[in-house]
Amino acid sequence: MAQISLTFPDGNVRDFAKGVTPAEVAESIAISLAKKAISATVNGTHWDLQWPIEADATIAINTMSDEAPALELIRHDLAHIMARAVQELWPDVKVTIGPVIENGWYYDFDRKEPFTPEDLGAIEAKMKDIINARDPVRTEVWSREKAVAYYKERGEEYKVELVGMIPDDGQPIRMYWHGDWQDLCRGPHLQNTGQVPNNSFKLMSVAGAYWRGDSDRAMLQRIYGVGFKDPKALKAHLTMLEEAAKRDHRKLGREMDLFHMQEEAPGQIFWHPNGWKIYTTLQDYMRRQQEEDGYVEVNTPQVVNRKLWEASGHWDNYQDNMFIVEVDEEHAREKTLNALKPMNCPCHVQVFNQGLKSYRDLPLRMAEFGSCNRYEPSGALHGIMRVRGFTQDDAHIFCTDEQVEEETKKFVTFLAKIYAHLGFDQWKVKLSTRPEKRVGTEESWDKAEADLANGIRAAGYDFEIQEGEGAFYGPKLEFVLTDAIGRDWQCGTLQIDPNLPERLDANYIGQDGAKHRPVMLHRAVLGSFERFIGILIESHAGKLPFWLAPRQVVVTTIVSEADDYANDVVAALKAAGVRAEADTRNEKINYKVREHSLGKVPVILAVGAREIDEKTVSVRRLGEKQTAVMSLDDIVAELKLAACPPDLK
RNA sequence: GCUGCUGUAGCUCAGAGGUAGAGCACUCCCUUGGUAAGGGAGAGGUCGAGAGUUCAAUUCUCUCCAGCAGCACCA
């Protein structure tokens, strides 16, 4: 019989019969290992214990203490167990696909009636029965024809389609049995359903999802679940979800009195004084930064005739997502159609096109806090993060081909400084390269992609590549920052666009005296103020850095005799540039401290008879229990510095 | 936009085929209290909008609007 050599993690090499399974390998090492084994890693691939190994390979036997394979198997088996439970409860339900995702899995079903929360409870109970039955998991390799015939007979048309989509490149079509129930699956799986912990998973929600992610195809019902190795990990996950919910900017926005939204203006924000203070503080900061970095600021119209949008190409491509404004002008034969601007670039080209530009004017960095409106699909709206009216920290850099790399470097450096100022020290760059459908020559794409890559490197950063994700006219950079609880947000962007200058006929006079086409770089650091403020709120759980906090200090009185002194303290703080207010209400100090703590005011000062006598204040910082007594002069000096934006320190 | 769920006082929520309730917030009074809710009184609602069924609809049905979760979308 043919032999193969298997290399173990410790470097040992042993010979086995060709076609040996990892289960047999484990058994040959120790019965105890065979009992604990859940899967193997063969040549770096996650491998079922039942799959034969046909050639020399490296092998490692996995047990439940191997975190990554264990969780993958548990979640994958839970997906199958859930599908089986659903079909046992409702035999007419059709199964589709059920992959492992972060923290759990989902499975999509085709069923006429919606699943209710009570159904989820029933499914969960049935899943526990299946686990407790410890059904053996068995796998077989089937021919394509057999699999198709099997599913056709059962009316599982989604599975028929899935079998048809498996590429015919020799990879086996596998069937897995959990007891009597069977599913098409590439595996691997655990060896019996009882290996799945029966107390460490939870079905979370049910929602619609399109078959194959295509909005033109059937709407299925997706059930989400989370699964872990032990109840403690499940509990920790659920606690984390509660923590994330507490940070929800919609909830904090109300509690901190930052903004509200209402039916009459869906997807648009009514900023309250507190929220607007954050907004303007951030905008003032960005304006200073841009001026320092060589930008000029402009402002362009909100309502623009369709002619410009036709010229820019937006009318054809995005009309459904634009707010159209019909103007019925007096004496006009026809009504004119206009659109609220969904972006600023066409208008910026209009500014550029005024007067003749020389190569000496380039690079021209044109910035606008551009207020845009887009008719986003109703289902896309989310608090202040995804809205129909927003303001970008937008700018377009008009430059020559030769200047692209240097401008890229300059921008990355600029963005890095701003993210650092705003407290985001963890972020990454993604380079999206040429898509299948594109315009321009291969040489121009080669150069554009190289310019971006070199620009990032020159700024001292590394990047990931997103193959084929660029715009049809040029490659782009995406800047993704990580917030305080580890969530990623794409905020900044830099896109090379030779297309729009062409369409809108922008040009400059070169050194040779002839007309040339500039390149346009679209770029933003924050993305939109609305969304970025949402991210700031959630990342900080409402406890914004002092300089951005809308209410920085409240001076509370303990007795009404201290009212005058409190007002003096407020005046001193205001004179030092600190946002301060007095709370002289007829309430107890406990009450005031609680209220302002919930309002996320970073510093609460309390004053009573002692403080008046000593010209001091009692200082309580947000999140701290203990208080400290400080002289008025000291606290004013300290907070004056804290209130100073990071670029002015 | 699609699937499902939701819409009752400023907020969080209860309620029932006979036109409404709690807690907090708000106003006033008492209380001057030393670091996360002192006490009392009062005011506050076209029950998301429209139509239908009914003697009677906030409650049942339909349509619309908005919100939530997910999907799709995000120039």
Side-chain angles (χ1 to χ4, degrees), chain A residues 106 108 110-117 119 204-224 245 248 250-251 254-255 257 260-267 309 312-322 341-346 372 374-383 385-388 390 392 471-473 476 490 493 495 497 499-500 522 527-528 531 556-563 584-599 604-611 618-629:
Chain A
Y106 67 77
D108 288 348
D110 186 7
R111 180 188 187 220
K112 284 209 178 57
E113 306 74 37
F115 290 108
T116 64
D119 290 342
M204 302 300 285
S205 62
V206 54
Y210 296 110
W211 170 234
R212 307 218 51 74
D214 184 342
S215 57
D216 291 331
R217 305 197 62 174
M219 176 63 74
L220 306 170
Q221 295 190 59
R222 174 173 297 177
I223 302 179
Y224 285 91
D248 191 313
R250 294 166 297 188
K251 180 174 143 71
R254 193 164 47 237
E255 290 172 0
D257 195 16
H260 85 273
M261 305 177 87
Q262 62 186 51
E263 272 195 31
E264 289 79 357
W309 306 114
S312 69
H314 292 102
W315 192 264
D316 282 344
N317 290 315
Y318 297 104
Q319 199 181 144
D320 287 350
N321 294 307
M322 292 200 275
K341 71 173 169 185
M343 52 186 349
N344 309 298
C345 23
C372 297
R374 297 180 185 174
Y375 191 81
E376 301 285 4
S378 57
L381 302 178
H382 179 84
M385 300 272 213
R386 187 82 183 270
V387 286
R388 289 183 177 155
F390 56 93
Q392 298 173 314
F472 72 91
Y473 49 75
K476 65 178 174 186
Q490 196 236 301
T493 183
Q495 288 189 41
D497 184 0
N499 183 57
L500 199 61
H522 307 258
S528 88
R531 181 160 173 276
T556 58
T557 50
I558 294 165
V559 291
S560 50
E561 282 73 49
D563 288 1
T584 56
R585 289 176 303 170
N586 175 15
E587 295 291 351
K588 294 201 167 166
I589 188 67
N590 286 310
Y591 182 92
K592 295 181 185 180
V593 165
R594 175 183 155 81
E595 186 174 283
H596 299 125
S597 296
L598 289 173
I604 299 171
L605 302 181
V607 292
R610 282 207 297 275
E611 285 76 13
S618 165
V619 184
R620 184 184 168 118
R621 296 168 205 276
L622 187 58
E624 291 177 14
K625 278 260 185 290
Q626 72 278 33
T627 59
V629 175

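Labels below follow one simple rule: chain letters A, B, ... track the order of the sequence lines, proteins then strands, and each chain is numbered from 1. These numbers were taken from a predicted model, which means no experiment stands behind them.
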message = Any N or O donor-acceptor pair under 3.5 Å from the base of G1(B) to the side chain of Tyr210(A)?
response = yes

query = Any N or O donor-acceptor pair linking the side chain of Gln262(A) to the base of G67(B) at under 3.5 Å?
reply = no

query = Which atoms form the tightest heavy-atom contact between Asp119(A) and Pro114(A), and what is the distance?
reply = OD2-O, 3.8 Å

task = Take Lys476(A) and Ser560(A), find for each the nucleotide of RNA chain B with the closest heavy atom, and name the residue whose nucleotide sits nearer the 5' end.
result = Ser560(A)

key: Between U12(B) (P) and Lys251(A) (NZ): distance, integer Å   = 9 Å

request  = Check every strand shown and say whether Arg386(A) touches a base, only sugar-phosphate, or nothing at a heavy-atom separation below 4.0 Å.
outcome  = base

key: Euclidean distance for P, G42(B) against C24(B) (whole angstrom)   = 15 Å

message = Would you measure the distance from the C1' atom in A36(B) across to the matching atom in C30(B) and give it in whole Å?
response = 24 Å

query = Considering only the P atoms, how many Å lie between G44(B) and G1(B), rounded to the nearest integer?
reply = 38 Å

key: Nearest-neighbour nucleotide for the Asn321(A) side chain, A75(B), A72(B), G34(B) considered   = A75(B)

request  = Would you mind reading off the distance between Glu264(A) atom CD and C65(B) atom P, rounded to a whole angstrom?
outcome  = 14 Å

task = Nearest-nucleotide wise, let me know which of Thr557(A) and Asp248(A) is further upstream toward the 5' end of RNA chain B.
result = Thr557(A)

request  = Ignoring the backbone of Met219(A), work out which of U32(B), C74(B), G70(B) is nearest its side chain.
outcome  = G70(B)

ask   = What nucleic acid atoms does Gly313(A) come within less than 4.0 Å of, heavy atoms only: base, sugar-phosphate, or nothing?
value = nothing

task = For C64(B) and A69(B), measure between their P atoms and round to the nearest Å.
result = 23 Å

task = State, yes or no, whether a side-chain contact exists between Ile589(A) and Thr556(A) at a heavy-atom distance under 4.5 Å.
result = yes

request  = Please state the P separation for the pair U46(B) and A9(B) - nearest whole angstrom.
outcome  = 9 Å

inquiry  = When the P atoms of U59(B) and G17(B) are compared, how many Å lie between them, rounded to an integer?
reply    = 12 Å

task = Name the closest nucleotide to the Pro377(A) side chain, picking from A36(B), C11(B), G1(B).
result = G1(B)

note = On a heavy-atom basis, the closest approach of Val559(A) and Gly608(A) is CG2-CA, 4.4 Å

task = Could you tell me the separation between the CD atom of Glu263(A) and the C1' atom of U6(B), rounded to a whole number of Å?
result = 13 Å

ask   = With rounding to whole Å, what would you report as the distance between C47(B) and U19(B) at their C1' atoms?
value = 10 Å

Gap in Å between the two P atoms, one belonging to U53(B) and one to A14(B), rounded = 32 Å

message = Between Glu624(A) and Arg620(A), does any side-chain N to carboxylate O distance fall below 4.0 Å?
response = no

ask   = How long is the span from the NE2 atom in His522(A) to the CD atom in Gln392(A), to the nearest 0.5 Å?
value = 10.5 Å

request  = Tell me which nucleotide among G67(B), C26(B), C73(B) gets nearest to the side chain of Arg585(A).
outcome  = C26(B)

note = Out of A72(B), U32(B), G34(B), minimum distance to the side chain of Glu611(A) belongs to G34(B)

query = Has His382(A) got a side-chain N or O lying under 4.0 Å from the OP1 or OP2 atom of G67(B)?
reply = no

key: Interatomic distance where CG belongs to Asn590(A) and C1' belongs to G39(B) [whole Å]   = 15 Å

request  = Look at Glu595(A) together with Arg585(A) and state whether they make a salt bridge at an N to O cut-off of under 4.0 Å.
outcome  = yes

remark   = Winner on side-chain proximity to Ala380(A), out of C73(B), C74(B), G67(B), is C73(B)

query = Side chains of Phe472(A) and Asn499(A): closer than 4.5 Å at any heavy-atom pair?
reply = yes

query = Rounded to the nearest Å, what distance is computed from the CZ atom of residue Arg222(A) to the P atom of nucleotide G4(B)?
reply = 16 Å

For RNA chain B, the residues among residues 591-598 of chain A that have a non-hydrogen atom under 4.0 Å from it = Tyr591(A), Val593(A), Arg594(A), Ser597(A), Leu598(A)

remark   = When rounded to whole Å, the CZ to P distance for the pair Arg250(A) and C11(B) reads 15 Å

key: Whole-Å distance separating the OH atom of Tyr224(A) from the C1' atom of C71(B)   = 7 Å

query = Looking at Tyr210(A), does the NZ or CZ of Arg217(A) lie under 6.0 angstrom from its six-membered ring centre and within 45 degrees of the ring axis?
reply = no

inquiry  = Between C1' on C26(B) and CG on Asp257(A), what's the gap in Å once rounded to a whole number?
reply    = 14 Å

note = Per-residue pairing states of RNA chain B in dot-bracket (Watson-Crick or G-U under 3.5 Å; . unpaired, | other strand) read (((((((..((((....[..)))).(((((.......))))).....(((((..]....))))))))))))....

ask   = Side-chain N or O of Ser378(A) less than 4.0 angstrom from OP1 or OP2 on G1(B)?
value = yes

task = State, to 0.1 Å, how close His314(A) and Pro346(A) come at their nearest heavy-atom pair, and which atoms those are.
result = CE1-CG, 3.8 Å

ask   = Reckon Pro342(A) touches a base, only the sugar-phosphate, or nothing at all at heavy-atom distances under 4.0 Å?
value = base

inquiry  = Could you go through Asp248(A) and Arg254(A), starting from their C-alpha distance and side-chain angles, then the distance that decides it, and tell me whether this counts as salt bridge (Lys or Arg N to Asp or Glu O under 4.0 Å)?
reply    = CA-CA 10 Å; Asp248(A) 191 313; Arg254(A) 193 164 47 237; over 6 Å; no

Donor-acceptor pair (no angle test) under 3.5 Å: Arg217(A) side chain, A72(B) base = no

key: Lys/Arg N to Asp/Glu carboxylate O, Asp214(A) vs Arg212(A), below 4.0 Å   = no

task = Remember a base hit wins even if backbone is also touched, and classify Gln490(A) as base, sugar-phosphate or nothing at under 4.0 Å, heavy atoms.
result = nothing

request  = Looking at every strand, decide which applies to Ala609(A) at a 4.0 Å heavy-atom threshold: base, sugar-phosphate, or nothing.
outcome  = base

message = Would Arg388(A) pass as a cation-pi partner of Tyr375(A), given that its NZ or CZ must be under 6.0 Å from the six-membered ring centre and within 45 degrees of the axis?
response = yes

